[in-house]
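Below you'll find the structure, written out as structure tokens, and then a few comments.
Computed from heavy atoms alone, side chains included, the values below leave out hydrogens, waters and symmetry copies. Residue numbers start from 1 in every chain, and the chains themselves are labelled A, B, ... in the order their sequence lines are given, proteins ahead of strands.
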Number of protein chains: 2
Amino acid sequence: MNELTHLKSAGLKSTLPRLKVLSLFESGSERHLSAEDVYKKLLASGDDVGLATVYRVLNQFEQAGLLVKHHFEGDKSVFELNQGDHHDHIVCLQCGRVEEFFDATIEQRQKKAAAERGFELHDHSLYIYANCVKSKCQYRS
Amino acid sequence: MNELTHLKSAGLKSTLPRLKVLSLFESGSERHLSAEDVYKKLLASGDDVGLATVYRVLNQFEQAGLLVKHHFEGDKSVFELNQGDHHDHIVCLQCGRVEEFFDATIEQRQKKAAAERGFELHDHSLYIYANCVKSKCQYRS
DNA sequence: ATTACGAATGAGAATGATTAGCATTAGCAT
DNA sequence: ATGCTAATGCTAATCATTCTCATTCGTAAT
């Protein structure tokens with residue numbers, strides 16, 4: 001299933017900006033990108049898309065299930081390619097590096113916690129804020 | 001330990017706006033309040049504080065450890081009184097009602113997940129988004 | 001009590017991320 | 001090739017939050 005098929009099945013026309021944004025995520029150099037990140041990367045590669053369009057496209061892709069949106073600590077949100085595998089995130093407070101993880105026990109206990117209190121779990125967000133080991137930390141002062 | 005002592009020990013002068021804000025939280029009618037909420041409630045009770053002051057005071061209280069700040073889904077952040085007991089939150093997507101919970105297993109698995117990946121856990125945020133049972137849901141369409 | 005000085009406040013401007021409005025342009029089915 | 005609608009790209013608007021700065025308040029020493 002290629003980019004074009006992805007768009008089609010989401011009921012979205014295959015336009016230049018959309019293809020550009022999608023392939024940026026699929027190229028996979030960086031998994032987590034903010035709207036601003038995407039905008040700058042496109043400009044840098046000579047592709048001339050408006051910032052507003054980037055925001056619109058990202059949100060459409062999220063609705064369509066192609067991307068997932070996250071709100072790490074701070075103001076701006078980031079998007080990542082939806083590859084079907086739910087996972088949570090560990091974010092380094094120093095360098096911002098993000099690592100993904102999945103813990104079945106945590107998932108299950110969440111469902112339980114909700115159920116015990118009369119809630120029907122719909123969704124959740126779990127972010128661990130931590131510090132990398134120095135060897136991996138990309139912090140540049 | 002009363003309000004005044006709280007402020008003193010945080011190195012904050014005992015001023016009218018600060019006492020007002022603090023007692024709002026301590027009165028406990030609603031546990032989770034946004035800056036806007038606090039501002040409106042104070043105005044409503046005839047206390048004339050500026051919105052900027054509310055923001056400042058809330059942040060100072062957070063730094064001082066009197067309040068804890070949360071970012072539920074959506075844009076604005078909410079504060080609650082810090083009573084020393086860490087807990088996570090379940091938020092109803094319909095009515096916005098918030099219920100608190102604590103699960104030792106989840107806490108422990110988080111620490112483990114971080115450690116296994118070479119992170120030193122500093123903090124975390126876990127929000128469960130769900131739907132109340134109809135009997136409790138305060139949703140008004 | 002009075003003074004004096006720095007901290008705190010209030011009002012409004014400024015910021016930063018995100019969205020809305022609208023005229024122009026580009027997909028795509030005919 | 002044509003036409004219609006959806007998509008784009010500006011720019012202006014919004015919303016929460018922070019900053020600026022002149023004025024006022026709290027407090028510790030007189």
Worksheet item: Do the two ring centres, one from A/Phe61 and one from A/Phe79, sit under 6.0 Å apart?
Response: no
Worksheet item: With ring centroids as reference points, do B/His87 and B/Phe101 lie under 6.0 angstrom apart?
Response: no
Item to complete: Measure the distance from CZ on A/Phe61 to P on D/dA7 and round it to the nearest whole Å.
Response: 11 Å
Worksheet entry | Partner residues of A/Gln60 under the side-chain hydrogen bond (donor to acceptor under 3.5 Å, both in side chains) criterion, sequence neighbours left out | A/Arg18
Give each protein N/O atom lying under 3.5 Å from an N/O atom of nucleotides 14-23 of chain C, with the pair distance.
residue, atom, partner, partner atom, Å
C/dA17, OP1, A/Lys76, NZ, 3.2
C/dT18, OP1, A/Ser77, N, 3.1
C/dT18, OP1, A/Ser77, OG, 2.9
C/dT18, OP2, A/Tyr55, OH, 2.6
C/dT19, OP2, A/Asn59, ND2, 3.1

Practice prompt. Say whether, by atom type as modelled, one donor and one acceptor occur between the side chain of B/Asn59 and the main chain of B/Tyr55 under 3.5 angstrom.
Written response: yes
Worksheet item: In terms of the angle between their ring planes, are B/Phe102 and B/His86 parallel, tilted or perpendicular, with boundaries placed at 30° and 60°?
Response: perpendicular
Response to the item:
Here the helical stems involving DNA chain C, each at least 3 consecutive Watson-Crick or G-U pairs closer than 3.5 Å, sorted by first residue number, are C:1-30 with D:1-30
Discussion item. Just the rounded figure in Å: distance from C1' of D/dT17 to CG of B/Asp37.
Written reply: 15 Å
Practice prompt. Check the distance between C/dT25's P and A/Asp48's CG and give it to me in whole angstrom.
Written response: 15 Å
Worksheet item: Which part of the nucleic acid, if any, lies within contact of A/Thr53, taking any heavy atom under 4.0 Å across all strands shown: a base, the sugar-phosphate backbone alone, or nothing?
Response: base
Fill in: Shared hydrophobic cluster for A/Leu81 and A/Leu12 (ILVMFWY, side-chain gaps under 4.5 Å)
yes
Discussion item. For B/Asp37, is there any backbone N or O sitting under 3.5 Å from a side-chain donor or acceptor partner on B/Ser34?
Written reply: yes
Item to complete: Could you tell me whether B/His71 and B/His89 have their ring centroids closer than 6.0 angstrom?
Response: no
Item to complete: Using atom NZ of B/Lys20 as one end and atom P of D/dG26 as the other, report the distance to the nearest whole Å.
Response: 10 Å
Fill in: d(NZ, B/Lys13; C1', C/dT9) in whole Å
11 Å
Worksheet item: Is A/Glu80 paired with A/Lys69 through a side-chain N to carboxylate O contact shorter than 4.0 Å?
Response: no
Fill in: Separation of atom CZ in B/Phe79 from atom P in D/dA16, rounded to whole Å
14 Å
Practice prompt. Quickly work out the A/Leu16 CG to C/dC28 C1' distance and round it to whole Å.
Written response: 15 Å
Worksheet, complete the sentence: Separation of D/dT17 atom C1' from B/Tyr39 atom OH, nearest Å, is 14 Å
